[in-house]
Amino acid sequence: MKVSLGRLKLKNPVMTASGTFGYGKEYSEFFDINKLGAIVIKGISVNPMPGNPTPRICETPSGMINAIGLQNPGLKGFLKDQVPFLKQLKTKVIVNVLGNSADDYIRLAEAVEEAGMNAVELNVSCPNVKKGGIVFGTDPKAFEDLITAVRKKVKLPLITKLSPNVAKISEFAKIAEDCGSDIISLINTLTGMSIDINTRKPRIANIIGGLSGPAIKPVAVRMVWECRKAVKIPIIGMGGIIAAEDAVEFMLAGADAIAVGTGNFLNPLTTLQVLEGIKLHMKSQGINSVSEITGGLIC
Amino acid sequence: MKVSLGRLKLKNPVMTASGTFGYGKEYSEFFDINKLGAIVIKGISVNPMPGNPTPRICETPSGMINAIGLQNPGLKGFLKDQVPFLKQLKTKVIVNVLGNSADDYIRLAEAVEEAGMNAVELNVSCPNVKKGGIVFGTDPKAFEDLITAVRKKVKLPLITKLSPNVAKISEFAKIAEDCGSDIISLINTLTGMSIDINTRKPRIANIIGGLSGPAIKPVAVRMVWECRKAVKIPIIGMGGIIAAEDAVEFMLAGADAIAVGTGNFLNPLTTLQVLEGIKLHMKSQGINSVSEITGGLIC
Amino acid sequence: MRSLKYVLNKIIKAKIQDNRKIIDRHYLLTLEPSTAITTPKPGQFYMLSVNNGLDPLLKRPLSVHNFLDGKLQFLYRVVGKGTDLLSSRVTGESIDILGPLGNGFTVSKTKQIILLAGGLGIAPIYYLAASIAGRKPVLIYGAGTKETLIYRDQIKNLGIETVIATDDGSYGKKGNVVTVLKKYLKDTSLPYTDHIIYTCGSEAMLKPLAEFASEHGIKIHAAMEQNMACGVGTCMGCVVKTRKGLKRVCKEGPVFNLNEIEWE
Amino acid sequence: MRSLKYVLNKIIKAKIQDNRKIIDRHYLLTLEPSTAITTPKPGQFYMLSVNNGLDPLLKRPLSVHNFLDGKLQFLYRVVGKGTDLLSSRVTGESIDILGPLGNGFTVSKTKQIILLAGGLGIAPIYYLAASIAGRKPVLIYGAGTKETLIYRDQIKNLGIETVIATDDGSYGKKGNVVTVLKKYLKDTSLPYTDHIIYTCGSEAMLKPLAEFASEHGIKIHAAMEQNMACGVGTCMGCVVKTRKGLKRVCKEGPVFNLNEIEWE
Ligand SMILES: Cc1cc2nc3c(=O)[nH]c(=O)nc-3n(C[C@H](O)[C@H](O)[C@H](O)COP(=O)(O)OP(=O)(O)OC[C@H]3O[C@@H](n4cnc5c(N)ncnc54)[C@H](O)[C@@H]3O)c2cc1C
Ligand SMILES: Cc1cc2nc3c(=O)[nH]c(=O)nc-3n(C[C@H](O)[C@H](O)[C@H](O)COP(=O)(O)OP(=O)(O)OC[C@H]3O[C@@H](n4cnc5c(N)ncnc54)[C@H](O)[C@@H]3O)c2cc1C
Ligand SMILES: Cc1cc2nc3c(=O)[nH]c(=O)nc-3n(C[C@H](O)[C@H](O)[C@H](O)COP(=O)(O)O)c2cc1C
Ligand SMILES: Cc1cc2nc3c(=O)[nH]c(=O)nc-3n(C[C@H](O)[C@H](O)[C@H](O)COP(=O)(O)O)c2cc1C
Ligand code: FES
Ligand code: FES
């Protein structure tokens, strides 16, 4: 089940999506999270962020909207309270970071590197907080400058997480590749909104939030496929994966590894079940290596 | 229940979405379609189009993907076979048109005007056919030129239907308004894709198609809200409406009228039920006019 | 335009009277419509909502398998999420159905009728057989193995000439239905062209069958399948190519003159 | 880290033994877990999947209302799609549940206990009352009208001092539970500060209650609610502001010391 995402080697292609697995502790009460290919930590910023007021989440048809507002303990709090637990894990740990300037990202990435984490994921696409990346993720020039600047300073495998709220996602994939990103991950949430017709208020306090879950899977699969045609660097695919079938679909479209996000909320064991299911699928189809699935779409 | 979309006056705000109501005949077997505010005809091109090979549709979580490929009998066939039935209807008839050049659109719009139809809707956003609008709908300059050119020649109320596959839909809404579009309608389908993991083939022959249905509602509502803040012209909202609650949600976000698309497929009476449900909602909330709902979001 | 009352009758709530497994993955569903319905034609189908909630979103098309004492029967195979959920629904539950839809089989008044059903193709063919038993049709029915034959005994109760076949010869004649058909036609005294075949099945089975039939000048009508969203002719999802242009399986079909189909 | 076996025990299939309407829009659900479970603490909750398919997508949180002979009971009100679908599920059906989750009530060993439940707040408070009946708590329970009182008689069976109130006075004392509480405290011989209140309810009820309690130096703990996605502390959806920072209702709660909540 081994996969190589460039320099980042995973024991299997099943990862968690940032912001949906906490800092790993909660789900480690349910199963041995070392079985996963990698876990991805919720976005960390330089300073602590309180996040948005509640309600922060609401459900939509086959999906959910969240506007957590990137609540996090900040770099210091993360290093002190979470890193000791994360360091003793026997799986790869990837830290999702976000900032308002290239300097923020560099500072975070360098700290993550020093802390012995295995890779850094640039969240340039979070739609929730005005300065939490929305500019970097949807403006090609800002995007290019950011990745170039971070790449210069950071040796750790660099994952750039793409926003789906753009006209042509492959354009951003290409820039990420050209500027030295080792890996791209996609998709982050689609911007969405829901209104309570009786109170006439938005269902989440932030008015708009990020749509995730099975509802967005067709958009995510299409985007992975478009990016696969545009770039050679490895792709981590995500968006609505809740079962092994979904994971294989992303891999056929071109993903080298996949991440489970909202799926974790439905059942704490979703990642494990996805992993077991991929194994079963490979066995039943006589597939020996995950790489025989990646990009295997026939069309 | 009357609503004025500028010069286009409707008896109520419930319309059908292009491509989901045929030419009106099929559903008129189930109910009196004259009860609706307007019916919108499937996209017509200058020459007949055969559409895509099958499978043309597949289901996704709370949604569906279609790649019909704009199969239609062409202008002549439409005028001959459909217009006589449409002319005797006692509701407004809006014709959705698509072309490869401004000239195509002008020719279609002029013919629609002559045929006595009530408005023309420019499909600049259909993602299925390479030249079926994708350029116009996602490129601001081409979009601007098209609407300007059509507006010059066509007196009929002009509806521009926006594509959601852009980074900032309000930018296109603003251009449409500035170039003289009377009304905007949104959203068309999100581009999506689905793969059969056993055959490894795309689930629809065209590989990619348009995602519609309740799954996309949060994206659609958000876009209507963004456009409402950007323009003053009337908005027709759509995307996943299957019940009156959904319709009211769109109106609160800023829609002056709404259209039911995929919802028709779930039940031929969906439009009627939406209409009745809006009436009930207004009664129970003491609302006298639809305009008291439009834009009524409290935030 | 048909009268409103008649057509509204097509949007029906029905109660599950029975939903039982017949053989592995195959179920027989018996529904009691909440309002009296007219007798559907063999070959017509219904759209069934398989679940509450918005997933699955669309109704699923199933052919009428029988109509007895006002009750509708459907025979279905679990192939995916929708049919899987349908199979989990139990007696007493209510379900929305839309139909009957499409055009059924138009039965020849003069020719010798051959009914041809491979596997689940028996779903509509059984109903057709039951309703034209008096016309003395011949039924050729086959499956992979003895275990995957959906019916063995009930078929005999139809009281018509029946040839049963299995691919592996574990029951009845050995071979697939097309082979058996060829043999049957070869052995019969009537000329090939005096027959008409009514069948139902996948493209994979119908295509060679159509070729064989047109080679020998045999008329053949088949109930065809395509992915459907609306079932009533508006989505344009379910088309097939015919010599007379694109036709909708749900509206102009599902029964087509196979000789007119233009295969890709 | 707790032992794996214990925690895996939280992911359970359960069979619906009963799902009955109590009063308008209120149902009592009795579940038989497929594996033996340990006794949940009053105030803890479960996440329940209400339907098959992907809509509704998320599980719904419900407080433990009772635990009898290894069976779990939940008392719920139909407020939206999820609870509506739940109310349509019938005896014999299977349902996925996750729990018990969160921290229950920590019962004071010294103070006079007042249990306060308005409307559906009775769901967890009933379980708490039943399990600490020996501590002689006082239960103040109210609803809008006689018809919307969920229990009248069963409450008496708890064998504890109970004050029932309705807003319109159609049964028991007239007034809402907060008014009744104030009157009770005024009339009792014990000083205000010798009491501790355990309650459950919406922000609208808890906020004035918290103010009243802190004014009089009364300790008050409440089971709180927030929209939840995960129920186990990972989504950060369910936070409340406390003097010690943001806390997750599902993990650090749902029971909080109300005096520490910072209302917006
Ligand atoms: C006119 C007609 C009559 C039919 N009669 C019968 C019958 O009597 N018994 C029976 O078992 N089956 C019948 N079918 C096929 C049946 O509709 C499909 O097997 C069923 O819809 C699959 O649903 P699913 O959710 O289980 O499968 P999915 O998981 O959705 O997909 C499995 C397969 O079913 C196909 N499919 C999915 N949705 C539809 C749809 N809406 N319409 C058609 N195909 C679809 C897909 O292409 C896919 O290959 C008929 C189909 C048609 C068009
Ligand atoms: C710890 C806890 C214990 C609870 N115990 C009970 C109980 O014992 N009995 C009872 O009747 N109710 C209880 N609730 C409330 C119950 O969870 C909601 O009423 C239910 O989730 C609504 O679902 P719905 O789909 O019917 O409503 P929806 O149609 O989704 O929405 C209706 C309302 O319910 C709220 N809601 C929706 N989803 C959730 C969610 N996942 N979590 C919380 N609220 C949500 C929405 O904010 C909305 O105001 C509890 C909630 C929590 C957090
Ligand atoms: C509650 C929640 C919090 C999230 N937080 C983050 C985050 O901090 N950083 C980030 O890059 N993505 C975040 N995401 C996005 C997910 O990582 C993922 O890209 C997205 O949800 C799509 O995958 P899914 O459909 O499997 O959830 C969050 C998503 C959810 C639902
Ligand atoms: C089968 C199908 C065919 C469609 N054909 C057209 C079309 O011809 N022209 C057009 O502008 N939009 C077309 N659309 C898009 C719809 O009009 C509508 O914008 C979209 O489906 C979102 O609404 P819904 O979620 O209610 O379906 C089509 C949609 C579907 C599902
Ligand atoms: S299923 Fe929609 S046209 Fe046939
Ligand atoms: S519900 Fe997810 S953190 Fe509490």
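Judged by distance alone, with hydrogens and angles left aside, the side-chain atoms of N12(A) form a donor-acceptor pair with the main-chain N or O of G37(A) at under 3.5 Å. Counting only distance, with no hydrogens or angles, the side chain of E292(B) and the backbone of S289(B) share a donor-acceptor pair below 3.5 Å.
Neither the backbone nor the side chain of I216(B) comes within contact range of chain A, judged by heavy atoms closer than 4.5 Å. Heavy atoms of L297(B) lying under 4.5 Å from chain A belong to its backbone as well as its side chain. Interface residue I207(B): only side-chain heavy atoms are found under 4.5 Å from chain A. For chain A, no part of A205(B) is nearby; none of its heavy atoms comes within less than 4.5 Å.
By number of non-hydrogen pairs under 4.5 angstrom with chain A, the leading residue of G63(B), P202(B), G213(B) is P202(B). Ranking R200(B), K168(B), E245(B) against chain A, the residue ahead of the rest is R200(B), based on heavy-atom pairs under 4.5 Å. Per-residue counts of heavy-atom pairs under 4.5 Å with chain A were compared for L252(B), T60(B), V224(B), V166(B); the largest is that of L252(B). Chain A forms more heavy-atom pairs under 4.5 Å with one residue of V219(B), D196(B), I197(B) than with any other, namely I197(B). Ranked by heavy-atom pairs shorter than 4.5 Å toward chain B, the options S284(A), A215(A), S62(A) are led by S62(A).
Contact annotation: the side chain of L70(B) approaches that of L98(B) to within less than 4.5 Å [non-hydrogen atoms, C-beta and beyond].
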Given side-chain contact (heavy atoms from CB on, under 4.5 Å), test L162(A) with I184(A) step by step and report yes or no.
CA-CA 7 Å; L162(A) 306 182; I184(A) 52 173; 4.1 Å; yes
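For E59(A) and R203(A), the salt-bridge test fails: no basic side-chain N is under 4.0 Å from an acidic carboxylate O. Taking a cutoff of 4.0 Å between a charged side-chain nitrogen and a carboxylate oxygen, K174(A) and E177(A) qualify as a salt bridge.
Of the candidates T270(A), T20(A), T16(A), N264(A) forms a side chain to side chain donor-acceptor pair (under 3.5 Å) with just one, namely T20(A).
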